[in-house]
Amino acid sequence: MIDPEELMRLAIEQARQGIAVGQSPFGCAIDRQGSILAAAHNRVLATTDITAHAEVNAVREACRTLGDIFLDGAVVATTCEPCPMCMAALHWARVDTVYYGATITDAAHAGFNELNLSASDLLRQGGSRVRLIDNVLREECRDLFDQWLRSPQAKAY
């Protein structure tokens with residue numbers, strides 16, 4: 001397995017690439033047994049697809065890579081706490097562990113229309129076995145929002 005901080009740095013780099021092309025400041029990377037299956041950033045604005053979040057894009061890519069809908073044993077690093085849609089997708093894909101940096105509150109402060117439902121509450125209420133670990137490189141992940149807000153292309157949704 002790749003070190004969670006190293007995996008998060010890959011997710012952060014994806015978010016920076018997204019910001020550079022006018023997308024929102026979210027990135028995600030997926031590892032299984034020391035092999036990167038996917039790394040992606042949000043593409044909501046580029047695709048006019050409100051579901052094209054970094055986590056969903058990464059899950060889609062990882063599943064295509066494996067030729068399977070299940071990502072058993074996978075470890076995910078995502079720059080922000082997954083929204084309910086993304087957390088559900090990660091649960092359905094059967095990933096083992098999700099590491100995240102910034103919180104949904106951080107995203108809301110940056111102007112995003114977040115549901116006030118934490119990923120941990122969703123997992124607990126839904127009886128999921130996915131492990132969720134917070135505060136991985138949190139300051140670096142929060143800084144992505146500041147970088148993005150300085151961009152003339154910044155558009156929250």
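- Using a 4.5 Å heavy-atom cutoff, the side chains of Thr105 and Glu114 are not in contact.
- The main-chain N or O of Leu45 is found under 3.5 Å from a side-chain atom of Gln23 such that the two form a donor-acceptor pair.
- Across Gly111 and Ala156, no two heavy atoms sit closer than the pair O-CB, 3.3 Å.
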* To do: Begin with the C-alpha distance, continue with both residues' side-chain angles, and end with the deciding distance and a verdict on side chain to side chain contact (heavy atoms under 4.5 Å, CB included) for Arg16 and Leu144.
  => CA-CA 7 Å; Arg16 287 184 180 134; Leu144 293 167; 3.8 Å; yes

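- Sorted by first then second residue, the ring pair (Phe, Tyr, Trp, His ring centres under 6.0 Å) pairs that include residues 66-85, not counting sequence neighbours, number zero.
- Contact annotation: the side chain of Cys83 never approaches that of Ile104 to less than 4.5 Å [non-hydrogen atoms, C-beta and beyond].
- Atoms OG and CD, from Ser120 and Gln125 in turn, are 9.5 Å apart once rounded to the nearest 0.5 Å.
- Rounded to the nearest 0.5 Å, atoms OH (Tyr99) and SG (Cys141) are 14.0 Å apart.
- Residues Ile2 and Ile36 are in side-chain contact: their nearest non-hydrogen atoms beyond the backbone lie under 4.5 Å apart.
- For residues 3-25, there are no ring pair (Phe, Tyr, Trp, His ring centres under 6.0 Å) pairs, not counting sequence neighbours.
- To the nearest 0.5 Å, atoms CD (Glu13) and CG (Leu10) are separated by 8.0 Å.
- Counting all heavy atoms, side chain and backbone alike, Val76 lies closest to Leu90 at CG2-CD2, 3.9 Å.
- Note that CZ of Arg43 is 12.5 Å distant from OG1 of Thr51, once rounded to the nearest 0.5 Å.
- For the pair Asn113 (side chain) and Tyr157 (backbone), a donor-acceptor distance under 3.5 Å is absent.
- For residues 70-87, the set of pairs meeting the side chain to side chain donor-acceptor pair (under 3.5 Å) definition, not counting sequence neighbours, comprises Glu55-Thr78.
- In this structure, Asp31 and Ser35 approach most closely via the heavy-atom pair OD1-N, 3.0 Å.
- Connection of Ile133 to Leu7 is established within a shared hydrophobic cluster, with ILVMFWY side chains joined at heavy-atom distances below 4.5 Å, either directly or through further cluster members.
- In plain terms, the two heavy atoms of Val136 and Met8 that are nearest each other are O-CE, 3.7 Å.
- Pairs of residues two or more places apart, or lying in two chains, never qualify as side chain to side chain donor-acceptor pair (under 3.5 Å) while including a residue from residues 146-155.
- Hydrophobic clustering keeps Leu37 apart from Ile12 (ILVMFWY residues linked when any side-chain heavy atoms are closer than 4.5 Å, directly or through intermediates).
- Arg9 places none of its side-chain heavy atoms less than 4.5 Å from the side chain of Glu6.
- Cluster annotation: Val75 is not connected to Leu66 through the hydrophobic network of ILVMFWY side chains, with a link wherever side-chain heavy atoms come within less than 4.5 Å.
- Residues Met87 and Leu132 meet the side-chain proximity criterion, which asks for heavy atoms closer than 4.5 Å.
- In terms of modelled atom types and a separation under 3.5 Å, the side chain of Asn42 and the main chain of Val44 share no donor-acceptor contact.
- Counting non-hydrogen atoms of neighbouring residues, nucleotides and ligands closer than 6.0 angstrom, the CG atom of Asp3 exceeds 12 such neighbours.
- Inter-residue side-chain proximity for His91 and Leu122 is flagged as unmet; no heavy-atom pair is nearer than 4.5 Å.
- By the 4.5 Å heavy-atom criterion applied to side chains, Val98 and Pro82 are counted as neighbours.
- When all heavy atoms of Leu149 and Ala154 are compared, the pair lying nearest together is CA-CB, 4.3 Å.
- The shortest heavy-atom contact between Ile30 and Ala62 is CD1-CB, 4.1 Å.
- Cluster membership check: Met85 does not share its hydrophobic cluster with Val130, using side-chain heavy-atom separations under 4.5 Å among Ile, Leu, Val, Met, Phe, Trp and Tyr.
- In this structure the side chain of Glu5 reaches within 4.5 angstrom of the side chain of Leu137, judged on heavy atoms.
- With sequence neighbours excluded, no residue forms a salt bridge (charged side-chain N to carboxylate O under 4.0 Å, His left out) with Arg60.
- Annotation: the span from Cys28 atom SG to Asn57 atom CG amounts to 9.0 Å, rounded to 0.5 Å.
- For residues 19-59, the ring pair (Phe, Tyr, Trp, His ring centres under 6.0 Å) pairs, not counting sequence neighbours, are Phe26-Phe112, Phe26-Phe145.
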* To do: Determine, step by step, whether Arg138 and Thr103 satisfy the side chain to side chain contact (heavy atoms under 4.5 Å, CB included) criterion, reporting the C-alpha distance in whole Å, the side-chain angles of both residues, the deciding distance to 0.1 Å, and the verdict.
  => CA-CA 8 Å; Arg138 182 166 187 217; Thr103 66; 3.7 Å; yes

